[in-house]
Student: 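Input: one structure, supplied below.
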Amino acid sequence: MSDMGKDRRARQRWVACALALVACTAASAASAACKLDAPDAPQAGPGCASAWMDRNLHLNDILAVGTHNSYHLRSPVLMTLIKGFAPKAWQGLDYAHPPLNEQLDDGMRALELDLVYDPKGGRFAHPAGLRLERLPEDPAYVAAMSKPGFKVLHIQDVDFRSNCLTFVECLTIIRDWSRAHPRHVPILITMNTNDARTRAPGGVDELPFTTRAYDALDAEIRSVFSPAELITPDDVRGGYRTLREAVLKHGWPTLGESRGRFLFALDEGKTHDDAYRGGRRTLEGRVLFVNTDESSPDAGYITLNEHADAPRITADVKAGFLVRTRADADTVEARSGDVTRRDAALASGAQYVSTDYPHPEPGLTGYHVRLPGHAIAVCNPVRAAAKCAGIPVE
């Protein structure tokens with residue numbers, strides 16, 4: 001870069017910093033005139049709702065919508081092949097999402113990434129599905145997938161197309177968007193860590209997720225995000241003996257402390273959870289929360305995806321846990337137009353509700369999942385609805 005270009009970049013950074021300082025000073029002055037100890041946001045005073053929420057609401061007092069398998073792309077040729085040998089299952093793979101930054105622009109505040117372990121690189125660079133499609137390899141795809149590190153895909157060899165290929169690439173897109181929009185509500189990133197055998201002739205099996213693999217996973221996250229951009233189990237536990245005790249007795253960080261930050265959660269079962277714990281009692285030093293039962297010492301986050309889970313979700317949210325649920329699955333609701341599951345999920349109290357359809361799918365029904373008035377985040381219907389009088393959190 002030329003000296004002139006460097007000077008221009010320096011001036012741009014200075015102007016951005018100056019504007020941020022002015023905005024911060026103005027916000028502080030406005031907050032000083034607000035009644036932040038008012039019983040609800042409307043009574044805080046004109047223009048004071050946001051400042052009141054930042055101080056009086058907590059991370060688990062919100063409701064936001066996100067996407068399921070946020071990286072997922074369709075493969076028309078493979079879909080045709082899958083219909084031949086799995087006529088009842090193919091529809092569950094027939095959905096796609098735009099790039100992650102576009103989803104965030106669209107108001108999604110929960111994302112899901114499925115990971116495979118590839119410490120040497122190249123294990124998933126030549127999917128067997130390409131041979132079935134009789135398509136040439138993409139050199140850019142091969143180059144990205146040949147790098148050491150975690151890769152993002154749904155089913156190796158079969159359903160492998162993603163809008164970002166490596167975990168670090170996906171995280172970098174998310175981080176850069178966040179730094180440009182620092183007032184966003186906390187964003188939940190859930191992850192499945194896949195270690196299945198291949199379903200395609202000539203394909204490759206996924207590697208097991210051992211404690212060593214999970215150490216590498218934490219390291220990749222920390223290589224992209226600064227500590228100040230993360231909310232970790234240690235942050236929530238504080239001086240309490242266990243994460244569960246902290247969540248039930250003290251609660252989560254305030255909304256003001258949580259804006260512009262991320263939580264990562266491992267959406268797996270006991271075997272994977274135990275490997276991630278690595279002998280820890282309550283996730284000491286770890287980045288991720290784990291999906292566990294309400295009695296576990298490291299209970300804080302829980303995935304409850306089924307329609308029948310609604311009463312349990314509501315009880316858990318009232319107790320203080322953070323819950324993610326799904327409004328739809330396997331494209332069923334989008335094809336039928338049935339909103340029963342969606343409406344139950346949004347009313348359950350789950351803080352994050354994921355969907356494959358933030359917008360209606362052309363050619364299907366009008367089914368989609370949004371918050372009232374297309375708000376990005378609102379007060380939680382179980383924990384804080386009366387405190388906000390319908391005023392959006394974001």
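Both backbone and side-chain heavy atoms feed into the values below; hydrogens, waters and symmetry mates do not.
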Student: Check the orientation of His272 and Tyr214. Use parallel for under 30°, tilted for 30 to 60°, and perpendicular for over 60°.
Tutor: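 Ring orientation, 0 to 90° scale: perpendicular.
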
Student: Any link between Tyr240 and Phe321 through a network of hydrophobic side chains (Ile, Leu, Val, Met, Phe, Trp, Tyr) touching at under 4.5 Å?
Tutor: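 Tyr240 and Phe321: separate clusters.
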
Student: What I want to find out is whether Asp157 reaches Arg197 closely enough, with some N-O distance under 4.0 Å, to be called a salt bridge.
Tutor: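 Between Arg197 and Asp157 there is no salt bridge, as every charged N stays at least 4.0 Å from the carboxylate O atoms.
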
Student: If the threshold is 4.0 Å, N to carboxylate O, is there a salt bridge linking Arg222 and Asp218?
Tutor: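 Salt bridge: no.
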
Student: Counting neighbours of NE2 on His307 that are heavy atoms of other residues, nucleotides or ligands and sit closer than 6.0 Å, is the number greater than 12?
Tutor: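 Counting other residues, nucleotides and ligands, NE2 of His307 exceeds 12 neighbours.
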
Student: Check the pair Asp118, Lys151 against salt bridge (charged side-chain N to carboxylate O under 4.0 Å, His left out), reporting the backbone distance first and the verdict last.
Tutor: CA-CA 7 Å; Asp118 189 19; Lys151 307 303 188 301; 2.8 Å; yes

Student: Between Thr303 and Asp267, is a side-chain hydrogen bond (donor to acceptor under 3.5 Å, both in side chains) present by the stated rule, with each step listed?
Tutor: CA-CA 7 Å; Thr303 297; Asp267 189 5; 3.1 Å; yes

Student: Nearest 0.5 angstrom please: Leu230 CG to Phe225 CZ, how far?
Tutor: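 Result: 6.5 Å between the selected atoms.
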
Student: So, Ser50 versus Arg183: side-chain donor-acceptor pair below 3.5 Å or not?
Tutor: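 The criterion, which ignores hydrogens and geometry beyond distance, is satisfied for Arg183 and Ser50.
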
Student: Pair His154, His72 - check ring-ring contact (aromatic ring centres under 6.0 Å, His included), show working.
Tutor: CA-CA 7 Å; His154 191 219; His72 193 264; 5.5 Å; yes

Student: Would you please say whether a donor-acceptor pair under 3.5 Å links the side chains of Thr198 and Gln156?
Tutor: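 Checked: Thr198/Gln156 side chains show no N/O donor-acceptor pair below 3.5 Å.
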
Student: I'd like to check Tyr95 versus Tyr357 (side-chain heavy atoms, cut-off strictly below 4.5 Å). Are they in contact?
Tutor: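 Side-chain contact under 4.5 Å: yes.
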
Student: Strictly below 4.0 Å, N to O, side chains only: are Arg383 and Asp61 in salt-bridge contact?
Tutor: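 Here Arg383 pairs with Asp61 in a salt bridge, since their nearest N and O are under 4.0 Å apart.
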
Student: Does Leu73 share a hydrophobic cluster with Leu104, counting links as ILVMFWY side-chain heavy atoms below 4.5 Å and allowing steps through other members?
Tutor: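 Per the 4.5 Å side-chain linkage, Leu73 and Leu104 are not co-clustered.
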
Student: Closer than 4.0 angstrom, basic N to acidic O: yes or no for Arg161 and Asp138?
Tutor: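 No.
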
Student: Strictly by modelled atom types, are Tyr367 and Asp338 linked by a side-chain donor-acceptor pair under 3.5 Å?
Tutor: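 On atom types as modelled, these side chains do not qualify, holding no pair under 3.5 Å.
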
Student: Answer yes or no on whether Arg109 is positioned over the face of Tyr352, meaning its NZ or CZ is under 6.0 Å from the six-membered ring centre and within 45° of the axis.
Tutor: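 Pair Arg109/Tyr352 does not count as cation-pi.
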
Student: Would you check, one step at a time, whether the test side-chain hydrogen bond (donor to acceptor under 3.5 Å, both in side chains) holds for Asp195 with Tyr117?
Tutor: CA-CA 8 Å; Asp195 55 6; Tyr117 185 40; over 6 Å; no

Student: Taking the basic N atoms (NZ, or NE/NH1/NH2) and the acidic carboxylate oxygens, is any pair closer than 4.0 Å for Glu112 and Arg324?
Tutor: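 Yes.
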
Student: Do Ile391 and Ile376 sit in one hydrophobic cluster, given that two such residues count as connected whenever their side-chain heavy atoms are within less than 4.5 Å of each other, even indirectly?
Tutor: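 In one cluster with Ile391: Ile376, no.
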
Student: Quick check: do Phe167 and Leu217 have side-chain heavy atoms less than 4.5 Å from each other?
Tutor: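 A side-chain contact under 4.5 Å exists here.
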
Student: For the pair Glu394 and Arg259, find out whether any cationic side-chain nitrogen is under 4.0 Å from an anionic carboxylate oxygen.
Tutor: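 No.
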
Student: Could you check whether Lys270 pairs with Asp273 (Lys NZ or Arg NE/NH1/NH2 to Asp/Glu carboxylate O, under 4.0 Å)?
Tutor: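 Result for this pair is no, no salt bridge flagged.
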
Student: Check Ala180 against Pro182 and note the closest heavy-atom contact, atom names and distance.
Tutor: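 Heavy atoms of Ala180 and Pro182 come nearest at C-CD, 3.5 Å.
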
Student: Answer yes or no: is there an ion pair linking Arg199 with Asp205, defined by an N-O contact shorter than 4.0 Å?
Tutor: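 Looking at Arg199 and Asp205, the cut-off is not met.
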
Student: Work out which heavy atom in Leu371 is nearest to a heavy atom in Ala64; give both atom names and the distance.
Tutor: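 For Leu371 and Ala64, the tightest heavy-atom pair comes out as CD1-CA, 4.2 Å.
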
Student: Once rounded to the nearest 0.5 Å, what's the spacing between atom CG of Asp330 and atom CG of Leu93?
Tutor: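 The distance works out to 8.5 Å.
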
Student: Side chain to side chain contact (heavy atoms under 4.5 Å, CB included) with Gln351: which of Leu63, Thr325, Asn380, Val382?
Tutor: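 When Leu63, Thr325, Asn380, Val382 are each tested with Gln351, the side chain to side chain contact (heavy atoms under 4.5 Å, CB included) holds only for Asn380.
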
Student: Salt bridge or not for Arg175 and Glu169, using N-O below 4.0 Å?
Tutor: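 Salt bridge: no.
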
Student: What do the steps show when you test Asn291 against Tyr301 for side-chain hydrogen bond (donor to acceptor under 3.5 Å, both in side chains), and what is the final call?
Tutor: CA-CA 6 Å; Asn291 174 31; Tyr301 165 85; 6.0 Å; no

Student: Just how far is it from atom CE of Met108 to atom CG of Asn101, taken to the nearest 0.5 Å?
Tutor: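 One finds 13.5 Å between CE of Met108 and CG of Asn101.
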
Student: Should His184 and Ser178 be marked as a side-chain hydrogen bond (donor to acceptor under 3.5 Å, both in side chains) after you check the CA-CA gap, both sets of side-chain angles, and the distance that decides it?
Tutor: CA-CA 7 Å; His184 66 76; Ser178 173; 2.7 Å; yes

Student: Would you check, one step at a time, whether the test side chain to side chain contact (heavy atoms under 4.5 Å, CB included) holds for Phe150 with Val116?
Tutor: CA-CA 6 Å; Phe150 296 92; Val116 292; over 6 Å; no

Student: Is it true that Ile231 and Leu283 fall in one hydrophobic cluster, defined by side-chain heavy atoms closer than 4.5 Å?
Tutor: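 Linked within one cluster.
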
Student: Could you grab the distance from atom CG of Asn56 to atom OG1 of Thr254, nearest 0.5 Å is fine?
Tutor: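 Going from CG on Asn56 over to OG1 on Thr254, the span is 9.5 Å.
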
Student: Examine Arg244 relative to Trp252 and say whether NZ or CZ is less than 6.0 Å from the centre of the six-membered ring and inside a 45° cone about the ring axis.
Tutor: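 No, Arg244 does not lie over the aromatic ring of Trp252.
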
Student: Before accepting this row, confirm whether a basic side-chain N of the pair Arg312/Glu294 lies closer than 4.0 Å to the acidic partner's carboxylate O.
Tutor: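 So Arg312 pairs with Glu294 through a salt bridge.
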
Student: When you check the gap from the basic side-chain N to the acidic O, do Arg326 and Asp309 get nearer than 4.0 Å?
Tutor: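 Salt bridge flag = no for Asp309 with Arg326.
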
Student: With no hydrogens and no angle check, just 3.5 Å: does a side-chain donor-acceptor pair link Asp298 and Ser296?
Tutor: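 Result is yes, a qualifying pair exists.
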
Student: Salt bridge check: are Arg370 and Asp106 linked by an N-O gap of less than 4.0 Å?
Tutor: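 Here Arg370 pairs with Asp106 in a salt bridge, since their nearest N and O are under 4.0 Å apart.
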
Student: Is a donor from one side chain sitting under 3.5 angstrom from an acceptor on the other, for Asp105 and Trp177?
Tutor: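 There is such a pair between these side chains.
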
Student: Do you see a donor-acceptor pair shorter than 3.5 Å between the side chains of Ser223 and Glu220?
Tutor: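 Side chains of Ser223 and Glu220: no pair found under 3.5 Å.
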
Student: Set out, in order, the CA-CA distance, both residues' side-chain angles and the distance that settles salt bridge (charged side-chain N to carboxylate O under 4.0 Å, His left out) for Arg341 and Asp328, then state yes or no.
Tutor: CA-CA 7 Å; Arg341 179 174 178 173; Asp328 44 77; over 6 Å; no

Student: Quick one: do Glu284 and Arg280 make a salt bridge, cutoff under 4.0 Å?
Tutor: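 Arg280 and Glu284: not salt-bridged.
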
Student: Set out, in order, the CA-CA distance, both residues' side-chain angles and the distance that settles side chain to side chain contact (heavy atoms under 4.5 Å, CB included) for Val369 and Glu333, then state yes or no.
Tutor: CA-CA 11 Å; Val369 182; Glu333 288 76 13; over 6 Å; no

Student: Between Glu229 and Arg179, does a salt bridge (charged side-chain N to carboxylate O under 4.0 Å, His left out) hold up when you go through it step by step?
Tutor: CA-CA 9 Å; Glu229 293 170 313; Arg179 290 179 180 177; 2.7 Å; yes

Student: Report the relative orientation of the aromatic rings in Phe262 and Phe264; use parallel for angles under 30°, tilted for 30 to 60°, perpendicular for over 60°.
Tutor: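 Aromatic pair Phe262/Phe264 classed tilted.
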
Student: To the nearest 0.5 angstrom, please state how far the OG1 atom of Thr193 sits from the OH atom of Tyr276.
Tutor: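 One finds 10.5 Å between OG1 of Thr193 and OH of Tyr276.
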
